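The structure under discussion appears below in the form of structure tokens.
Computed from a prediction, not measured in an experiment: that's the story for all the values here. Indexing begins at 1, ligand by ligand and atom by atom, following the structure's order.
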Amino acid sequence: MDSHASESYFVIGEGLLTESAGGRDDSNGAARIASASATAADATPAFRFSRMGPSGTGRQPGEGIRKKAANEMAAGGGGATGIPAGFTYLGQFIDHDLTFDKTTVMLGENVSPAQLLQARSPSLDLDSLYGAGPSDPESAKFYKDDRHLKMGETLAEAGIPKKVGFDLPRGDGSTAAKKRKAIVPDPRNDENLAVAQTHLAMIRFHNRVVDTLPSSVPPAQRFAKAREIVTKHYQWMIRTDYLTRICQPTVVQNVFNQGRKAFEVGVPATDVPTMPIEFSIAAFRLGHSMIRREYNWNAIFDFGGGSLDLLFTFSAGSRDLGGGPRLPSSWIADWRRMYDFKEANKPGLAVPPEQFNRAMRIDTTLVNPLRTLPTASFGGPNVPQNDPRRNLAFRNLTRAKMVRLATGQQMATFLKAKGVTLTKLTKAQLRDGRNGADLSLLTQSQREAFLKDTPLWFYILREAEFNGGRLKGVGARIVAETFHRAMEGSEHSIVRDTSFKPSLGPNNKTFRMVDLMLFAFEGKKNLLAPLG
Ligand code: HEM
């Protein structure tokens with residue numbers, strides 16, 4: 001499958017940062033930096049990354065430290081939070097939207113340099129849902145007609161009939177693998193069942209917006225109008241509901257009301273944004289700590305029956321949908337277990353607390369199955385169970401080393417110099433945390449090195465441990481500023497269009513994820529939880 005793992009990063013001003021020996025570390029651990037004046041083919045960037053802070057040259061932990069720290073991080077532990085578990089996979093969906101390389105679906109003959117630039121830049125335009133739109137020949141396959149997105153149907157199973165509109169569209173091609181493959185612009189959205197069902201919810205959201213447009217909107221404009229409404233509501237929900245759950249709300253307010261202090265400050269709003277590596281390789285990987293090892297998935301796979309492993313199995317990206325060409329009906333999501341509809345005053349759409357799923361706390365611990373990822377989830381190779389490359393924490397720490405990411409301490413100093421108010425974590429806080437990863441298995445000298453130059457991802461997660469499982473300080477600032485810039489530079493932008501007010505929620509200030517789901521699923525229990 002097209003995996004998450006990018007084997008090289010094109011960083012503006014630095015060129016291509018990659019690993020030197022076949023995707024693994026070389027003996028002295030240095031990343032190779034290709035000359036910026038490499039041939040056009042070499043230098044064509046896959047995606048435009050930038051460096052927000054300083055380079056972390058000479059401060060990267062060696063492989064021994066990364067292995068031990070990653071093992072401790074992915075040993076399980078940590079607790080749940082108040083955040084409903086649906087937000088974990090909404091986060092993954094958003095990440096894919098932000099990092100989607102549009103050229104994968106729209107690289108035709110006539111792509112201008114300006115379009116190429118735009119296509120390979122972060123935005124929150126839902127290109128991962130829309131591709132290049134229904135009138136583009138490459139993207140037409142995602143659409144049922146000139147304005148509705150396609151949905152798929154499930155496979156009858158366990159006495160439950162097939163259900164139309166509850167799986168991603170699939171079934172192009174003749175081989176079993178091709179039949180299974182989801183027909184969506186970003187195949188990463190079929191990496192696990194929870195993100196796949198989230199993508200499907202977004203398809204439904206768009207289709208419902210199309211269907212409820214006033215008849216005064218002329219046919220030729222109905223798709224474009226719906227897309228604008230969908231995108232702006234989605235951004236509103238991210239700003240007011242998603243971000244304030246994962247980041248200290250005062251930081252989000254400060255960035256959105258007073259502007260950015262550290263990232264692309266003062267650039268013209270419509271200039272094409274870049275993606276800071278500090279966000280992509282560290283801060284926004286916060287979502288990995290929110291993943292549970294098991295879910296109360298639906299009425300059939302309840303009480304932990306929806307293990308993370310099965311969520312991989314019932315996807316075509318990581319495994320094989322359980323063997324059939326489509327999702328079996330018994331695996332349709334029950335959204336009442338993933339989002340709390342009591343927030344929207346719908347007690348009739350609530351499940352008892354013991355059936356509800358809460359995300360794991362944002363902290364330095366990951367659930368143990370993430371030590372042994374399915375190899376397809378990161379694009380292989382097919383390495384043994386205990387190979388560190390299967391450990392997501394090791395991958396994240398190693399990726400940071402590859403691009404010589406700034407350490408947590410460096411970023412704290414950098415942000416303070418930019419006028420951001422924050423308190424640096426002390427060495428004791430970094431060492432001991434608060435019910436997070438235990439560093440005592442590192443040798444004394446390894447631990448000293450790790451606490452002196454702490455990998456940014458770990459630092460940010462430790463900060464969250466001391467803030468009830470919400471990013472603060474360095475982490476909150478990097479995340480809020482990156483989102484602000486990506487929204488500002490999107491084609492439809494609630495940052496630029498300050499007059500926008502949501503119209504699909506309970507009032508003109510409120511549009512949360514529960515409102516999006518209620519709208520998408522018509523507020524109906526038999527659509528939000530068809531298995532009862
Ligand atoms: C079961 C769920 C998930 C799995 C299996 C997964 C797995 C992965 C893998 C294998 C990578 C590539 C690692 C590498 O650099 O080699 C990755 C990258 C990344 N993940 Fe996740 N991830 C999951 C959920 C999430 C969530 C919930 C978030 C954020 C809220 C997230 C954010 C990111 C980011 C920002 C990257 C780097 C950029 C990118 O490639 O998209 N992931 N993930």
If we number the atoms of ligand 1 from 1 as shown, the ones under 4.0 Å from a heavy atom of Tyr242 are 30 (C)
Ligand 1 atoms in contact with Phe378 (distance to a heavy atom under 4.0 Å)
10 (C)
Shortest heavy-atom approach to atom 42 (N) of ligand 1 - which of Met275, Met402, Gln92, His288
His288
What part of Phe100 sits under 4.0 Å from ligand 1 if we count only heavy atoms: the side chain, the backbone, both or neither?
neither
Ignoring angles and geometry beyond distance, decide whether Glu191 reaches within less than 3.5 Å of ligand 1 through its nitrogen or oxygen atoms.
no
So the atoms of ligand 1 within less than 4.0 Å of a heavy atom of Thr99 turn out to be 41 (O)
State, with a plain yes or no, whether a side-chain heavy atom of Lys68 is found less than 4.5 Å away from one of Leu439.
no
Under 4.0 Å, counting heavy atoms only: does Phe87 come that close to any atom of ligand 1?
no
Does a donor on one side chain and an acceptor on the other come within less than 3.5 Å for Arg477 and Asn254?
yes
Could an N or O of ligand 1 be found under 3.5 Å from any N or O of Arg399, whether backbone or side chain?
yes
Atoms of ligand 1 close to Ile291 [distance to a heavy atom under 4.0 angstrom, numbered from 1]
1 (C), 2 (C), 3 (C), 23 (C), 24 (C)
Nitrogen or oxygen of Thr88 less than 3.5 angstrom from that of ligand 1
no
Please list, in number order, the atoms of ligand 1 under 4.0 Å from a heavy atom of Arg395.
13 (C), 14 (C), 16 (O)
What orientation do His206 and Tyr130 show, parallel under 30°, tilted 30 to 60°, or perpendicular over 60°?
perpendicular
Does the separation of the ring centres of Phe284 and Phe483 fall below 6.0 angstrom?
yes
Min heavy-atom dist Phe312 to ligand 1 below 4.0 Å
yes
Taking all non-hydrogen atoms of both residues, which atom of Thr244 and which atom of Arg470 are closest, and how far apart?
O-NE, 3.1 Å
Run the numbers for me: atoms of ligand 1, each under 4.0 Å from some heavy atom of Asn192, listed by number.
1 (C), 2 (C)
Please walk me through it: do Phe87 and Tyr339 pass ring-ring contact (aromatic ring centres under 6.0 Å, His included)?
CA-CA 8 Å; Phe87 285 98; Tyr339 290 106; 5.1 Å; yes
Identify, by atom number and element, the atoms of ligand 1 in contact range of Leu373, meaning under 4.0 Å from any of its heavy atoms.
5 (C), 10 (C)
Between Leu392 and ligand 1, find which residue part has any heavy-atom pair under 4.0 Å and reply side chain, backbone, both or neither.
side chain
Looking at ligand 1, does Met290 have a heavy atom less than 4.0 Å from it?
no
So, Asp186 versus His96: side-chain donor-acceptor pair below 3.5 Å or not?
no
Between Asn71 and Arg371: side-chain donor-acceptor atoms closer than 3.5 Å
yes
Report, in ascending order of atom number, the atoms of ligand 1 lying under 4.0 Å from any heavy atom of Arg188.
41 (O)
N/O separation below 3.5 Å, His96 to ligand 1:
no
Report, as yes or no, whether the 6.0 Å neighbourhood of atom NZ on Lys261 holds more than 12 heavy atoms from other residues, nucleotides or ligands.
yes
Aromatic centroids of Phe314 and Trp331 separated by under 6.0 Å:
yes
Please determine if Arg285 has a nitrogen or oxygen closer than 3.5 Å to a nitrogen or oxygen of ligand 1.
yes
Taking the six-membered ring for Trp, are the ring centroids of Phe205 and Phe521 within less than 6.0 Å of each other?
no
Just distance, no hydrogens or angles: give the donor-acceptor pairs under 3.5 Å from side chains in residues 457-465, sequence neighbours left out.
from   : atom 1 : to     : atom 2 : distance (Å)
Trp457 : NE1    : Arg285 : O      : 3.2
Tyr459 : OH     : Leu425 : N      : 3.0
Arg462 : NE     : Leu430 : O      : 2.7
Arg462 : NH1    : Thr364 : OG1    : 3.1
Arg462 : NH1    : Ala437 : O      : 3.3
Arg462 : NH1    : Glu465 : OE1    : 3.2
Arg462 : NH1    : Glu465 : OE2    : 3.4
Arg462 : NH2    : Leu430 : O      : 3.1
Arg462 : NH2    : Arg431 : O      : 2.9
Arg462 : NH2    : Ala437 : O      : 3.0
Glu463 : OE1    : Val474 : N      : 3.2
Glu463 : OE1    : Gly475 : N      : 2.9
Glu463 : OE2    : Val474 : N      : 2.9
Glu465 : OE1    : Arg434 : N      : 2.8
Glu465 : OE2    : Thr364 : N      : 2.9
Glu465 : OE2    : Thr364 : OG1    : 2.4

